[in-house]
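Because only heavy atoms are used, hydrogens play no part in the values below, and waters and symmetry mates are left out as well, while side chains stay in.
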Amino acid sequence: MMRTRPLKVALLGCGVVGSEVARIMTTHADDLAARIGAPVELAGVAVRRPGKVRAGIDPALVTTDATALVKRGDIDVVVEVIGGIEPARALITTAFEHGASVVSANKALLAQDGAALHATAQQHGKDLYYEAAVAGAIPLIRPLRESLAGDKVNRVLGIVNGTTNFILDKMDSTGAGYQEALDEATALGYAEADPTADVEGFDAAAKAAILAGIAFHTRVRLDDVYREGMTEVTAADFRSAREMGCTIKLLAICERSGDGASVTARVHPAMIPLTHPLASVRGAYNAVFVESDAAGQLMFYGPGAGGSPTASAVLGDLVAVCRNRLNGATGPGESAYADLTVSPMGDVVTRYHISLDVADKPGVLAQVATVFAEHGVSIDTVRQQGKDGEASLVVVTHRASDAALTGTVEALRKLDTVRGVASIMRVEGE
């Protein structure tokens, strides 16, 4: 039997995502009620600009006092889609303290203070759900923390930012330079006026912290994630990648060490083979590749941003949290029992593609090879092209630690025959 008294929902933020959440709550009200077992009622909407016309939302529900809204005491669920650290953190904490569960899409806050928020939610017996914080509409967090709860996840490798994937895909498919591809992304609305958070990897790093924490049952904060942007990727890098049968993606990589005692989380551009499933992810789409002991290899693919896709994830969490509310239960909270060491980037082992500008004369290759050998970095392949006294030398290594590679490059820069290091890129997915 369906309960007639509605569950009350407070919406914090009514921008691109928030307005879609409100619209779906209204247009799909009957379906949502049937799935939950009770009606859901939009009880208030906190905004910064109250005078703006918001189609489908009763102006009487709109307020600029978000704190008063979450303190009302009759609110069952708070949906937070305002983003940023403050006032979101204070509002979510206040919501728990006043009896509400929370659904959030706030990746930055969860990456920075997820442990504290989970602890507060548990203290007050409330839910904290955040499927929409990573990869938009793609069901990813719930499969990791519920469907794979009985498995051991070893690696999570993904494209988790649509803006950067659009830019890199455009560079790959058309031969465009970085700035030209960025300008097109901006014109089409894929990139913000200030794209720093995307192209410098900050957005992806926050998502990597969240994914690593869930996958490895270990607290991983944003500061634990190595981050490298993609603004230095060039058309020449793509030509080199194609010669290796690869393309270039900005990847979030979370992996368990071979002995299982530590984990790493990192974001950086990488070459991946064209045969890898992530290589075929085009445009502004996202995809995450998961490797586990029992399930093997899984890939989750779909739109990673936008109003409707992100609202879909928010509403999925809202249904789950409301069901828990009716049953007097809570869903999964933080799982950090493993408490594994989070290793620095220097410990990461992978392959490298290094392009050097060198003098075109005898003995250069031998000098370079000696430096690699002295630092314990084994060379897989070498390609050299020379003209008019100058040459380019492309070296692809076998797997080596980042620390060893860094030492190698520092030594190479000291050689008189090395004019410069044109590019260094990791090779992943093999």
query = Hey, does the Lys NZ or Arg CZ of R325 hover above the aromatic six-ring of Y129, less than 6.0 Å from the centre and inside 45° of the axis?
reply = no
query = Are D172 and I248 side-chain neighbours, meaning at least one heavy-atom pair lies under 4.5 Å?
reply = no
query = Do E20 and T310 have a side chain donor and acceptor closer than 3.5 Å?
reply = no
ask   = So, E255 and R266, do they make that salt bridge, N to O below 4.0 Å?
value = yes
task = Check whether any side-chain N or O of D169 sits under 3.5 Å from a backbone N or O of G283 as a donor-acceptor pair, and report yes or no.
result = yes
ask   = More than 12 heavy atoms of other residues, nucleotides or ligands under 6.0 Å from OH of Y190: is that the case?
value = no
ask   = Does atom CZ of R48 have more than 12 heavy-atom neighbours, drawn from other residues, nucleotides or ligands, at distances under 6.0 Å?
value = no
N154 side chain to D293 side chain, donor-acceptor N/O pair below 3.5 angstrom = yes
message = For a salt bridge (Lys or Arg N to Asp or Glu O under 4.0 Å) check, start with the C-alpha distance between E334 and R219, then their side-chain angles and the critical distance, and finish with the verdict.
response = CA-CA 9 Å; E334 182 189 32; R219 287 178 178 169; 3.0 Å; yes
ask   = Would you say D30 has more than 12 foreign heavy atoms packed within less than 6.0 Å of its CG?
value = no
ask   = So which heavy atom on D151 is nearest to which on A295, and how close?
value = OD2-N, 2.8 Å
request  = List the atom of V225, the atom of A208, and the distance in Å for their closest heavy-atom pair.
outcome  = CG1-CB, 4.2 Å
Backbone N/O of T164 and side chain of N161: donor-acceptor pair under 3.5 Å = yes
key: K170 bridged to E180 by N-O distance under 4.0 Å   = no
query = Which atom pair, heavy atoms only, marks the closest approach of G18 to L11?
reply = O-CD2, 3.4 Å
message = If you compare all heavy atoms of V40 against all heavy atoms of C322, which two are closest, and at what distance to 0.1 Å?
response = CG1-SG, 3.8 Å
ask   = Are T234 and D237 linked by a side-chain donor-acceptor pair shorter than 3.5 Å?
value = yes
task = Identify the heavy atoms of V153 and L144 that sit nearest to each other, and give their distance.
result = CG2-CD2, 4.4 Å
ask   = Are any side-chain N or O atoms of R221 and backbone N or O atoms of Q112, one a donor and one an acceptor, separated by less than 3.5 Å?
value = yes
message = Are more than 12 heavy atoms, taken from residues, nucleotides or ligands other than E97, located less than 6.0 Å from that residue's CD atom?
response = yes
message = Taking CD in E232 as the centre, count heavy atoms belonging to other residues, nucleotides or ligands within less than 6.0 Å. Is the count above 12?
response = no
ask   = Hey, does the side chain of H276 reach the backbone of L278 with a donor-acceptor pair shorter than 3.5 angstrom?
value = yes
remark   = Residues F96 and L117: closest non-hydrogen pair is CE1-O, 3.7 Å
inquiry  = I'd like to know whether Y130 forms a ring pair (Phe, Tyr, Trp, His ring centres under 6.0 Å) with H118, so could you lay out the CA-CA distance, the side-chain angles of the two residues, the decisive distance to 0.1 Å, and finally the verdict.
reply    = CA-CA 11 Å; Y130 43 92; H118 272 295; 5.6 Å; yes
inquiry  = Any donor-acceptor pair under 3.5 Å linking the side-chain atoms of T120 with those of T93?
reply    = no
query = Where the side chain of T218 meets the backbone of L340, is there a donor-acceptor pair that is under 3.5 Å apart?
reply = yes
inquiry  = Would R227 and F202 count as a cation-pi pair here, with the cationic atom under 6.0 angstrom from the ring centre and within 45° of the axis?
reply    = yes
message = Other residues, nucleotides and ligands only: do more than 12 of their heavy atoms fall within 6.0 Å of CD on Q122?
response = no
key: Partner of R413 under side-chain contact (heavy atoms from CB on, under 4.5 Å), chosen from V371, L356, V421   = V421
